[in-house]
2 protein chains.
Amino acid sequence: MEILPERTVERLSHYRRVLSKLLEINKEYIYSHEIAKLLHITPVQVRRDLMLIGHSGTLRKGYRIRELISLIGTIIDNPEKYKVAIIGFGKLGHALLNYLTENESNLHLVALFDTNPEKIGTTNNNVICYSVDRIPEIIKRYNIDMALLTLPPQFAQRTANQLVESGVKGIINYTSSILSVEGAFLEQYDMIASLEKVAYFTKPEFYL
Amino acid sequence: MEILPERTVERLSHYRRVLSKLLEINKEYIYSHEIAKLLHITPVQVRRDLMLIGHSGTLRKGYRIRELISLIGTIIDNPEKYKVAIIGFGKLGHALLNYLTENESNLHLVALFDTNPEKIGTTNNNVICYSVDRIPEIIKRYNIDMALLTLPPQFAQRTANQLVESGVKGIINYTSSILSVEGAFLEQYDMIASLEKVAYFTKPEFYL
DNA sequence: TTTTACTTGTTACTTCAATAACAGATTAGA
DNA sequence: TCTAATCTGTTATTGAAGTAACAAGTAAAA
């Protein structure tokens with residue numbers, strides 16, 4: 001299978017979640033325009049995405065929901081569960097912990113890390129919080145695939161290096177520091193930039 | 001001034017923050033390739049962004065940092081401070097509160113909203129938490145421009161409608177529900193989709 | 001049975017963003 | 001003073017993402 005566009009992968013994640021809810025209410029087939037309406041996108045985009053993953057619908061009946069969900073799974077999930085760690089167990093780290101435990105998915109949260117002695121050793125939603133000093137040890141021991149950085153920005157680069165050396169293959173950086181990472185997929189999410197962007201686009205002179 | 005590309009605006013936000021730190025250590029001029037190195041992008045992109053905002057550097061000396069920072073300010077900031085509210089004062093809301101109070105910027109956090117009686121009426125970093133029932137009243141009273149949605153997904157759409165009706169011009173939706181909003185700029189940030197995307201791109205068969 | 005309406009699947013086009021290429025200007029050094 | 005190195009500013013090219021257009025096929029209705 002060809003490598004998919006980033007946006008398509010994101011939408012596949014959406015499709016799956018929305019469709020799962022429909023399965024629960026025993027809907028069997030769905031049209032591209034119905035999916036589109038749910039996600040506020042165009043039917044063409046839906047069909048195009050499904051074309052890319054090689055899913056065929058039935059003419060005038062639409063797509064078989066159960067089949068589609070399982071196909072999306074085989075494409076975006078790993079055969080084994082993805083193992084995830086959160087580095088920095090502050091407010092944001094805690095929020096991510098909740099997201100990961102509430103939404104069941106193929107992602108399995110395995111470890112938390114922090115520097116605060118009061119947090120180290122505690123168990124939160126069945127996940128243990130370790131000292132950041134033990135990052136290489138624990139990452140290797142559990143074969144953790146992906147790390148979410150929610151620690152103070154000044155430690156982000158150093159920690160990222162450690163993580164990649166220990167075998168992490170994906171990093172999401174929620175700190176405001178800009179990282180350079182080789183040998184792993186890096187996603188930056190800068191909240192301040194995001195806020196300032198929205199502020200810019202809400203300027204009165206841009207009202208359409 | 002022409003409307004700027006979204007990505008450029010995000011980078012301008014980065015430029016400003018990085019440059020501000022350099023001002024503090026009394027650096028006066030900077031080359032495009034220096035900026036580029038700090039942000040891990042190309043010098044061309046820096047020059048192109050600065051061209052778009054109409055900033056001129058000095059040949060063989062680079063860009064005057066103080067001047068550039070202030071120009072970026074006149075472009076991405078509003079003349080008055082942007083007023084921001086956080087809807088849903090859970091872990092993520094609290095994390096955003098911290099971001100907004102730690103990083104000084106043109107954004108001014110004015111109100112929090114929640115449903116929990118224990119939170120309503122409390123003051124956090126000098127910001128009062130109100131009941132969500134008072135959203136229209138408070139939004140209008142303080143002329144709030146922008147809202148950050150960190151509440152349970154099932155209330156997101158209804159709340160977004162209320163906010164726009166009350167005059168909010170920008171919304172960042174951190175819930176996993178997909179919104180449709182007319183009359184305001186909407187930015188979605190779906191953590192689960194983001195996690196699943198990174199998981200997809202860390203699959204072994206994509207290693208370059 | 002024939003026609004019409006509808007829905008998929010794919011190719012072609014457009015728009016937005018990033019990268020490359022290069023002309024022009026200035027400073028430092030020969 | 002002249003030459004070479006360097007850095008900016010802009011245009012041209014490439015690439016990624018989204019949108020439009022439409023052929024093909026099927027089910028339902030006439």
Side-chain angles (χ1 to χ4, degrees), chain A residues 1-15 19 27-65 67-68 71 178 185-188 193-194 197 200-201 206 208, chain B residues 1-15 19 27-65 67-68 71 178 185-188 193-194 197 200-201 206 208:
Chain A
M1 157 93 47
E2 270 298 293
I3 191 164
L4 297 170
E6 292 202 19
R7 300 304 181 83
T8 295
V9 177
E10 288 176 2
R11 281 191 297 271
L12 289 174
S13 164
H14 282 143
Y15 296 159
L19 294 174
K27 193 167 163 69
E28 208 178 337
Y29 283 90
I30 192 164
Y31 297 124
S32 60
H33 64 257
E34 293 178 294
I35 300 181
K37 193 155 195 186
L38 289 168
L39 304 222
H40 305 294
I41 56 178
T42 66
V44 192
Q45 186 143 68
V46 175
R47 294 204 299 276
R48 213 173 181 295
D49 286 335
L50 300 190
M51 181 193 91
L52 289 175
I53 64 172
H55 182 76
S56 291
T58 311
L59 253 167
R60 291 189 65 95
K61 284 184 87 176
Y63 304 92
R64 219 181 135 70
I65 294 177
E67 219 172 75
L68 183 48
L71 177 61
I178 290 137
F185 185 89
L186 172 68
E187 164 107 343
Q188 302 258 8
S194 168
K197 181 179 81 174
Y200 173 81
F201 281 103
F206 298 151
L208 314 174
Chain B
M1 160 92 49
E2 270 298 294
I3 190 164
L4 298 170
E6 292 201 19
R7 299 305 180 82
T8 295
V9 177
E10 287 176 2
R11 281 191 296 270
L12 289 174
S13 164
H14 282 144
Y15 297 159
L19 294 175
K27 194 169 163 67
E28 208 178 337
Y29 283 90
I30 192 165
Y31 297 123
S32 61
H33 64 259
E34 292 178 294
I35 300 181
K37 193 155 195 185
L38 290 168
L39 303 223
H40 305 294
I41 56 178
T42 66
V44 191
Q45 184 142 69
V46 174
R47 295 203 299 276
R48 214 173 180 296
D49 286 336
L50 299 190
M51 180 193 93
L52 290 175
I53 63 172
H55 181 78
S56 291
T58 311
L59 252 168
R60 292 187 65 96
K61 283 183 88 175
Y63 303 93
R64 219 181 135 70
I65 294 178
E67 220 172 74
L68 183 48
L71 178 62
I178 290 139
F185 184 89
L186 172 69
E187 164 106 344
Q188 303 257 9
S194 167
K197 180 179 79 173
Y200 173 81
F201 281 102
F206 298 152
L208 314 173

Gap between atoms [atom1] and [atom2], on [X] and [N] respectively (whole Å):
X       : N      : atom1 : atom2 : answer
B:Glu10 : C:dA18 : CD    : C1'   : 14 Å
A:Arg7  : C:dA17 : CZ    : C1'   : 11 Å
B:Glu2  : C:dC16 : CD    : P     : 11 Å

- Please list all pairs passing the salt bridge (charged side-chain N to carboxylate O under 4.0 Å, His left out) test where one or both residues lie in residues 2-15 of chain B, with sequence neighbours left out.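 Every salt bridge (charged side-chain N to carboxylate O under 4.0 Å, His left out) pair that includes a residue of residues 2-15 of chain B, provided the two are not neighbours, is A:Lys197-B:Glu6, A:Lys197-B:Glu10, B:Arg11-B:Asp49.
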- Interface residues of residues 40-52 of chain A with DNA chain C (non-hydrogen, below 4.0 angstrom):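 Residues of residues 40-52 of chain A under 4.0 Å from DNA chain C: A:Arg47, A:Arg48, A:Met51.
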- Query: Mind checking whether A:His55 and A:Tyr63 have parallel, tilted or perpendicular rings, split at 30° and 60°?
  - Reply: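 It falls in the tilted class, 30° to 60°.
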- If only side-chain N and O atoms of A:Ser56 are considered, is one of them under 4.0 Å from the OP1 or OP2 phosphate oxygen of C:dT8?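 Answer is no, no contact under 4.0 Å.
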- Message: Taking only side-chain N and O atoms of A:Ser32, does any of them lie within less than 4.0 angstrom of OP1 or OP2 on C:dT8?
- Response: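 Answer yes for this pair, as a side-chain N or O of A:Ser32 is under 4.0 Å from OP1 or OP2.
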- Query: Rounded to the nearest 0.5 Å, how far apart are CD of B:Glu67 and CG of B:Leu19?
  - Reply: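 Going from the CD atom of B:Glu67 to the CG atom of B:Leu19 covers 12.5 Å.
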- Message: Using 0.5 Å steps for rounding, measure from the CG atom of A:Leu68 to the CD1 atom of A:Ile30.
- Response: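 Answer rounded to 0.5 Å: 8.5 Å.
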- Message: Please classify the nucleic acid contact of A:Thr8 as base, sugar-phosphate, or nothing, using heavy-atom distances under 4.0 Å.
- Response: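 Touches nothing.
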- Could you run down nucleotides 24-30 of chain C 5' to 3' and tag each one B, S or - for protein heavy-atom contact under 4.0 Å? BBBB---
Is any side-chain heavy atom of [X] less than 4.5 Å from a side-chain heavy atom of [Y]?
X       : Y        : result
A:Thr58 : A:Arg64  : no
A:Leu50 : A:Ser32  : no
B:Leu4  : A:Tyr200 : yes

- Query: B:Ser56: what forms a side-chain hydrogen bond (donor to acceptor under 3.5 Å, both in side chains) with it, not counting sequence neighbours?
  - Reply: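 Counting only residues at least two positions away or on another chain, B:Ser56 forms no side-chain hydrogen bond (donor to acceptor under 3.5 Å, both in side chains).
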- Message: Testing the basics here: between B:Val9 and A:Phe201, what is the closest heavy-atom pair and its distance to 0.1 Å?
- Response: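 Where B:Val9 meets A:Phe201 most closely, the heavy atoms are CG2-CE1, 4.2 Å.
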- Task: Could you check B:His14 against A:Ile178 for side-chain contact (heavy atoms from CB on, under 4.5 Å), going step by step and ending with a plain yes or no?
- Result: CA-CA 9 Å; B:His14 282 144; A:Ile178 290 137; 4.0 Å; yes
- Task: On DNA chain D, reading 5' to 3', which nucleotide is the first and which the last to sit with an atom under 4.0 Å from a heavy atom of chain A, could you check?
- Result: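 The contact span of chain A on DNA chain D goes from D:dA17 to D:dA27.
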Distance-only donor-acceptor pairs under 3.5 Å for side chains of residues 33-41 of chain B, two or more places apart:
| from | atom 1 | to | atom 2 | distance (Å) |
| --- | --- | --- | --- | --- |
| B:Glu34 | OE1 | B:Tyr31 | N | 2.8 |
| B:Glu34 | OE2 | B:Lys27 | NZ | 3.3 |

